[in-house]
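All values below were derived from every heavy atom in this structure, side-chain atoms included, with hydrogens, water molecules and symmetry-related copies excluded. Labels below follow one simple rule: chain letters A, B, ... track the order of the sequence lines, proteins then strands, and each chain is numbered from 1.
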Amino acid sequence: MIAVGSAGGYLVVGTLWVLGLMVALLEVRIPQARRIAFFLGLAAATAATILAGLMWPGDSQLVLAGGGIRMDGFALYIQVFILLGVVCSLLMGLHAPENLEVGTTGLLLMAAAGASLLAMASDLMGILVAFVGALIPLWTIAVIYKGHNGREAALKGMVVGALAAALMGLGAALILARTGTTQLAGIALYLQSADWIGSDPLMVVGLGLVLSGLGCFVAAVPFHMWFVDVVEGLPAPAALLLSGGVMAAGLAAAIRVLLVGFQPVVLSGFGYLSWTSILHALGLAALLICNALALVQRRLKRMVAYLAAGQAGLVLVTLAAIGDMGATGKQLVVSRAVGGVLVFLAVHAINWIGLFVAVEVIASGDGSDPKISRLSGLAHRHPWMAVAIGLAVLCMAGMPLTAGFFSRFYLLSAMVAADWTATAVVTALSLGLVLVMSLGLVATMVMRPEHPEDVRISPALKLVAALSSVTILALGILPGGILKVAIQSAESLVGAP
Amino acid sequence: METWVEHLLLIALPAAPAVGAIVAGCCPKRATRLVWAVGWFFSVAPLVAWVFLRAVLPASAGGDLLVSIHLPWVPDLGIGLHMGLDATGLVMAGMISFIALVAMVGTLPSLPELNRAHVVCLLLAEAGMLGVVTSWDLVLFIAFWEVTLVPFFFLMGRGPTRGGVAAATRFLVTSVASSVLMWIGVLILVEAAGAPRTFDLGELAKRLGASPPSSFSSAWLFVPAFLVRMAAVPLHTWFPAAAASVPTAAAILLVGGVLPLGGYGLVHVLARLFGPGLCGLSVWLFWIGLITALGGALASVVQRDLKRLLAYVFLAQMGLALVGLTLGSEEARMGGFLLLVATGMGGGCLFLFAGVVCSARGTQRIVEIGGLWRFHPAFAGLAFAGIASAAAVPGTVGFAGTYLVLRSLSGNIIHLALAAGAILIMGASVLWAYRRVTGGSYHSEMWATFRWPRSRQVAILALLCVVIVLAGLMPGPISGLRPTGTGPLVATTDKAHCGGRTGP
């Protein structure tokens with residue numbers, strides 16, 4: 001582990017951001033240098049991934065920007081998987097560069113910088129800035145993308161995003177007014193010494209607004225529509241970054257806000273109004289509604305987007321259970337459960353790479369969302385590609401031998417450990433729904449007659465598919481190592497037992 | 001004294017077909033003969049491994065593990081790769097590997113689209129089922145339990161009719177919904193068993209025996225998973241539809257593998273964790289079994305479709321097995337277990353027979369098939385072993401199991417009458433069907449499209465016949481029990497489970 005110290009955090013984010021800007025400018029100014037710009041971006045993302053991996057487990061005492069950024073194991077762990085997703089989405093861009101508008105590579109890098117910042121930010125305002133920093137480049141990609149619904153989607157995203165930013169900013173301001181700080185550690189310190197905050201309207205409204213803002217950003221029901229539309233309006237590489245990496249980073253930020261900043265609220269007995277019950281309801285709604293909506297989709301990108309929103313719901317429910325658990329002081333269980341959630345987020349990021357390989361395989365030239373039926377009979381023409389896609393799809397459904405099995409097992413186990421049996425049963429049944437749907441998808445590839453039009457599969461896409469498949473299988477067969485790392489990362493956040 | 005040979009043979013049981021599936025999957029698509037050779041080799045391999053294992057293992061009875069391997073898997077959560085076999089597991093493993101071979105033989109050449117993918121799915125299904133039998137860690141058990149669904153879905157769905165897809169979907173939905181509930185049940189039990197966390201079946205059984213879970217709600221979460229696989233009422237609807245419309249090989253595996261495995265899961269997991277009384281659940285399960293037996297028997301009477309009729313008969317037999325497994329007495333459990341074996345062997349035999357006959361005649365309607373006896377007496381005669389076992393004719397394994405179950409029911413005249421009625425009805429309907437199919441006059445034009453049953457099919461039928469009769473005449477050694485019947489079938493501790501609640 002390299003003791004890069006404070007420079008490391010800036011290095012990861014700053015390199016990506018500045019290089020992103022440079023690459024975008026290079027692409028726009030000199031279109032002939034597009035390939036150079038692209039490989040520059042790829043190299044930067046790869047370097048950042050390796051850097052983040054080498055710096056793990058970081059130093060939880062090390063704070064930057066006056067305490068607004070923490071380079072702890074938690075941040076670095078999330079960053080590694082986000083950045084891995086970025087590398088894969090850039091590689092995926094090689095598959096059909098003609099489908100990507102000039103400037104996309106740079107914007108992708110800038111979004112990745114925002115997502116990395118999101119994983120490290122431990123200040124309400126920092127998180128807000130990071131969210132916006134990650135999303136604005138993605139909206140911009142949607143605007144310039146030739147798909148016919150990109151602009152509309154970007155507009156929706158910006159309106160909801162502005163609303164979310166306003167809500168969260170206002171909430172942070174209210175909390176600042178009461179506690180004198182927007183840093184999570186400071187808020188926690190205030191809450192520990194404060195009495196029951198239920199009688200304090202400033203804190204209650206502030207917390208409510210922060211929760212609403214976070215909900216908008218991570219596409220929790222009922223704020224999920226913008227997310228689905230934006231994913232549909234983006235080219236596959238950028239959609240992958242939004243629904244895989246940025247989603248994982250956003251959920252990580254939610255974990256940090258709630259378990260570090262507002263955990264004492266649960267401890268002080270907020271009763272039925274505590275954030276855990278709100279999150280419980282939000283998460284269950286997302287889980288059930290989004291998974292059910294995914295079931296009826298005919299177009300692949302929309303389906304994957306709904307599934308991602310459903311995954312976010314799953315994490316929110318588990319987070320609520322962990323919050324409840326923390327209230328009863330089961331520290332060993334808390335750090336293990338947070339570790340489980342971290343494994344889930346990593347698997348989500350990897351899994352979505354595989355799913356977007358499927359999107360890219362059947363993507364049409366005009367930028368529209370491909371129909372699921374386009375996958376029919378893929379196993380006859382391209383059996384290995386079908387195996388890779390099938391693995392990703394089954395992983396999403398939590399099939400044993402894939403990484404998805406254990407990652408879901410950990411979440412359910414956290415719910416049961418918190419004595420939320422009924423919730424666990426509902427969650428498990430909704431996972432069953434996803435499993436049935438995913439086998440349907442596999443059946444489309446295997447049992448349906450071949451689609452008349454063949455698909456083009458480039459070496460770059462094969463590489464990405466192989467990367468995701470191997471990781472999915474490796475984490476599914478040997479799940480012990482990543483869990484150890486994840487638990488250690490979680491301990492840097494919620495403290496060792 | 002366990003040696004590395006035993007460990008190797010134990011691992012080979014699920015690993016050989018899994019490796020076979022990978023090898024077959026890597027074969028070129030057009031190399032059909034090569035794929036078939038691989039399929040044959042790797043479906044015989046587990047059977048050979050089992051025979052060696054049976055030879056080297058001590059013939060001890062009871063619930064002790066005869067051979068086991070324990071490797072850490074996710075040590076932070078107490079999940080291990082714990083594989084093992086006890087006396088019942090050994091029997092079940094032998095049966096599954098044999099039935100998988102029958103399914104390989106039962107793959108009819110009349111379905112040209114059943115090629116590489118079919119072989120891969122057959123081998124994967126076998127690997128999954130053998131994994132279920134050998135796993136002694138609950139996470140491993142669930143993993144194998146769920147993973148088996150995928151090959152089954154494709155085996156069932158790749159049939160010549162769309163009905164297969166519908167049946168496969170129904171099976172899939174009920175199976176998935178029930179097995180995710182089992183996840184939760186397992187997690188609740190593990191929490192209840194206290195620190196350090198473990199998912200090890202033996203360890204959990206020991207701990208729960210010492211401090212039994214207070215409520216039986218967690219036991220309920222396990223039940224649907226097993227009832228779906230056993231095709232017990234009211235979760236049985238997938239089975240008759242599936243048996244009637246899926247390819248022959250899949251039907252053989254369903255009846256000979258999936259159904260008995262449901263019952264085995266009940267013995268292996270539920271009875272071990274919750275004690276022989278199943279936390280007061282056994283009363284419910286007993287009645288579910290009795291209703292299944294009666295309902296299946298009655299439904300079989302009105303069937304016009306040969307495969308559907310057979311499906312209902314075996315459904316009834318599974319119901320009786322469930323009755324036996326939940327009755328509580330040693331003798332009844334032995335009977336229930338023998339009925340599981342009877343369903344496996346008889347089901348394999350009869351669905352192979354029905355598959356060949358129906359595909360030859362091009363119809364499944366019983367009244368349209370006839371004269372088989374004159375046409376091919378050996379084939380028809382050998383299939384009688386399966387019929388006799390289903391009808392509980394003395395000298396077959398079906399009789400041995402049925403007799404033991406009925407004898408333990410003799411305390412209650414109503415239970416006895418209901419069960420005996422079910423047996424009589426199912427016997428009558430299966431014998432009627434057999435008479436219609438084999439008897440009657442022989443019209444050459446009716447069998448014009450009849451391809452002779454392959455010699456390997458006749459041979460495997462003869463082998464099944466021998467097993468059915470041998471197991472019926474000498475049930476003790478086959479089921480791994482002492483002839484005196486004193487060895488406990490289910491490993492349980494002496495301490496009272498669930499506050500001493502027991503079965504009916």
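- Only the backbone of A/Ile477 comes within less than 4.5 Å of a heavy atom in chain B; its side chain stays farther off.
- The shortest non-hydrogen separation linking A/Pro400 to B/Ala143 is CG-O, 3.3 Å.
- With a 4.5 Å cut-off on non-hydrogen atoms, A/Val387 does not touch chain B at all.
- Separating the CE atom in A/Met415 from the CD1 atom in B/Ile184 is a distance of 8.0 Å, to the nearest 0.5 Å.
- When each of B/Leu187, B/Val190, B/Val186 is tested with A/Ser413 by the rule side-chain contact (heavy atoms from CB on, under 4.5 Å), just one qualifies, namely B/Leu187.
- The candidate from A/Ala443, A/Ala428, A/Gly481, A/Gly440 with the greatest count of non-hydrogen atom pairs under 4.5 Å with chain B is A/Ala428.
- Within the model, atoms CG of B/Leu172 and CG of A/Leu435 stand 6.5 Å from one another, a figure rounded to the nearest 0.5 Å.
- Put simply, the side chain of B/Trp73 reaches to within 4.5 Å of the side chain of A/Pro479, judged on heavy atoms.
- Heavy-atom distances place no part of B/Leu81 under 4.5 Å from chain A, backbone and side chain included.
- Between A/Arg336 and B/Leu77, the closest side-chain pair of non-hydrogen atoms falls below 4.5 Å.
- For chain B, the nearby part of A/Tyr410 is the side chain; its heavy atoms alone come within less than 4.5 Å.
- Relative orientation of the A/Phe409 and B/Phe199 rings is tilted, given thresholds of 30° and 60° on the angle between their planes.
- Looking only at side-chain heavy atoms (C-beta outward), B/Val180 and A/Leu412 stay at 4.5 Å or farther from each other.
- Residue contact with chain A, scored on non-hydrogen atoms closer than 4.5 Å, involves the backbone and the side chain of B/Val139 alike.
- Of the listed residues (A/Leu439, A/Leu483, A/Thr421), the one with the most heavy-atom contacts under 4.5 Å to chain B is A/Leu439.
- A distance of 11.0 Å separates CG in B/Leu149 from CG in A/Leu394, rounded to the nearest 0.5 Å.
- Heavy-atom pairs under 4.5 Å with chain A peak, among B/Val147, B/Thr169, B/Ile142, at B/Val147.
- Between B/Ile79 and A/Phe406 there is a side-chain heavy-atom pair separated by less than 4.5 Å.
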